[in-house]
2 protein chains.
Amino acid sequence: MKADIPLAGVAVDLVILTVREDTLMALAIRRGIPPFKGQWALPGGFVLPDEDLTAAARRELAEETGLADFRAHLEQLATYGTPGRDPRGRVISVAYLALAPDLPLPSAGSDAAAAQWMPVDAMAGELAFDHPQILADAVERARAKLEYTPLAAAFCAETFTIAELRHVYQVVWGVELDPRNFHRKVTSTRGFVIPADGTTTRDGGRPAQLFSVGPGDVLRPPLMRPGTVGDDR
Amino acid sequence: MKADIPLAGVAVDLVILTVREDTLMALAIRRGIPPFKGQWALPGGFVLPDEDLTAAARRELAEETGLADFRAHLEQLATYGTPGRDPRGRVISVAYLALAPDLPLPSAGSDAAAAQWMPVDAMAGELAFDHPQILADAVERARAKLEYTPLAAAFCAETFTIAELRHVYQVVWGVELDPRNFHRKVTSTRGFVIPADGTTTRDGGRPAQLFSVGPGDVLRPPLMRPGTVGDDR
DNA sequence: TCAAAAGTGTTGAACATACACCCATGT
DNA sequence: ACATGGGTGTATGTTCAACACTTTTGA
């Protein structure tokens, strides 16, 4: 490397979102090493010298969730590099957004004394570095992408009912959606969900058809948005 | 900086888009220094030791376009850091997307032998580094954002007619839009455009009302999309 | 038999497209 | 006068929110 190129540390930080107990939650790590030792932060770490950025994010995701065969959506969110954001010196952080189904309990990573799911609304005040900003950007991105992509299924298990999918929207957006109109909209949008084998009664009532995400892309996804409150029960 | 943190060079690269001669174009720089000396590349450069990422992008934008009082939209696009993408060593590049009105001719920057606007469709094959990928991502982002934001006006001058705004959509998307329905949609969406003083006949025909972008945000932008071909003339 | 959730039908309102038509200017 | 583009009115079709109603299970 030429000597006249200014250098910086490069890290990845992850906002891992899940829907759990009717709440949108993110994974927080209690830092086991300085700086900010003992405080909460987003999971993350430095990119290895010959590691791709996405590979680093995937590695951290696997380490923090204990999930080797993770089925989770992962996308780059944004990059944060304001001078002074890390007391160790100039550190550029490439933030990634992950959407995961309701996982078992995460195992503590190597440099973390503890890891736990926290409601995103209660989390901002707890986080070190500029992680409150990163979290806010991530939640905004996730909320927006539910509108114009079939991404909500990333919060669900391999197969899911339409009601479970609707529940994701309701929790992430904090709105009520009409079960009947939602059902129609989702099932009539080609490629959004495809019927899977079997039904389930895990939600109570009449057995519900199971679905999985389609292999291909959705041509023009639904655009859900707020909508409904009332019902006729 | 601690010794165990792997370091990398941090650059910003810009995709500066404009609508010019009925074509979506981007600014290309002929490299004046190695690597890839003499080839075309996106404008960009290394981030200074105590410079914010956005400040570096703004600085490059001003340098390359010669525009000190630039009125252009600038947003972070994505970050590219695959090992080996730069022969000088590990270089992370934070790409920015800029949308600019049809500017005069750009002035050559300090490390550039030449700069010129090129049609984005003819550009991919010319660019060095991984810049074809960055350009493709930028164009995709720009096309998508026209759908759900009032960003098209960033391609127009301070004040513009509805026809000029429509022209932006037509060029960027490569579609025909019905002038009358477009006019209604844009003017009836509160906050999308606001009437400015005066009219112009620069497009010929009846004088057209001038508009400028509103100060606030648009609550729920239009969602334009393909649409119309026929007419009754 | 009843509660609870799945899923279908139907209706009126909102919106979008297509196009007829009038307006105001330059030549 | 007439060509050119700006802008309004309006009919028809599509989509969407609201909600009545039937289906299928567990308790």
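Every heavy atom of this structure was used, including side-chain atoms; hydrogens, water molecules and symmetry mates were not.
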task = Compare the minimum distances between each of D:dG6, C:dG7, C:dA5 and the side chain of A:Ala208, then state the nucleotide with the smallest one.
result =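 Closest nucleotide among those given: C:dG7.
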Candidates C:dA6, C:dC19, D:dA20 - which lies nearest the side chain of A:Arg180 = D:dA20
ask   = For B:Tyr169 and B:Phe182, what are the C-alpha separation, side-chain angles and deciding distance, and is it a side-chain contact (heavy atoms from CB on, under 4.5 Å)?
value = CA-CA 10 Å; B:Tyr169 283 87; B:Phe182 182 87; 3.7 Å; yes
[X] [atom1] to [N] [atom2], straight-line distance once rounded to whole Å:
X: A:Ile162; N: C:dA5; atom1: CD1; atom2: P; answer: 16 Å
X: B:Leu165; N: D:dG7; atom1: CG; atom2: C1'; answer: 15 Å
X: B:Asp178; N: D:dG5; atom1: CG; atom2: C1'; answer: 13 Å
X: A:Glu176; N: C:dA5; atom1: CD; atom2: P; answer: 13 Å
X: A:His167; N: C:dA6; atom1: NE2; atom2: P; answer: 12 Å
X: B:Gln209; N: C:dC23; atom1: CD; atom2: P; answer: 18 Å
X: B:Asp203; N: C:dG26; atom1: CG; atom2: P; answer: 13 Å
X: B:Arg202; N: C:dT25; atom1: CZ; atom2: P; answer: 16 Å

inquiry  = Testing the 3.5 Å rule here: is there a donor-acceptor pair between the side chains of B:Asp137 and B:Tyr80?
reply    =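 The answer is yes; a qualifying pair exists.
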task = Assess the side chains of B:Asp130 and B:Thr82: does a donor N or O sit below 3.5 Å from an acceptor N or O?
result =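 Side-chain D/A pair, B:Asp130 to B:Thr82: absent.
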message = For C:dA18, does the base pair up with any side-chain atom of B:Asn181 as donor and acceptor (N or O, under 3.5 Å, distance only)?
response =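 Indeed, a donor on one side and an acceptor on the other fall under 3.5 Å apart.
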Check: A:Arg184 side chain, C:dG9 base, donor-acceptor under 3.5 Å =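 Such a pair is found, so the answer is yes.
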Check nucleotides 23-27 of chain D for protein N or O atoms closer than 3.5 Å to its own N or O atoms and list the pairs.
| residue | atom | partner | partner atom | Å |
| --- | --- | --- | --- | --- |
| D:dT23 | O2 | A:Arg206 | NH1 | 2.9 |
| D:dT24 | O2 | A:Arg206 | N | 3.3 |

ask   = With a 4.0 Å cut-off on heavy atoms, is B:Arg166 in touch with a base, just the backbone sugar-phosphate, or nothing at all?
value =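 It contacts sugar-phosphate atoms only.
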task = Using modelled atom types only, decide if a donor and an acceptor are shared between the side chain of A:Ser212 and the backbone of A:Glu158 within a distance under 3.5 Å.
result =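 Checked: no pair found.
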Any B:His183 side-chain N or O less than 4.0 Å from OP1/OP2 of D:dG6 = no
key: Derivation of the side-chain contact (heavy atoms from CB on, under 4.5 Å) call for A:Val94 and A:Tyr96   = CA-CA 7 Å; A:Val94 184; A:Tyr96 279 77; 3.6 Å; yes
ask   = Below 4.5 Å, heavy atoms only, C-beta onward: do A:Leu165 and A:Cys156 meet side chain to side chain?
value = yes
ask   = Tell me, do B:Leu27 and B:Leu14 make a side-chain contact under 4.5 Å, heavy atoms counted?
value =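 No - every pair of side-chain heavy atoms lies 4.5 Å or more apart.
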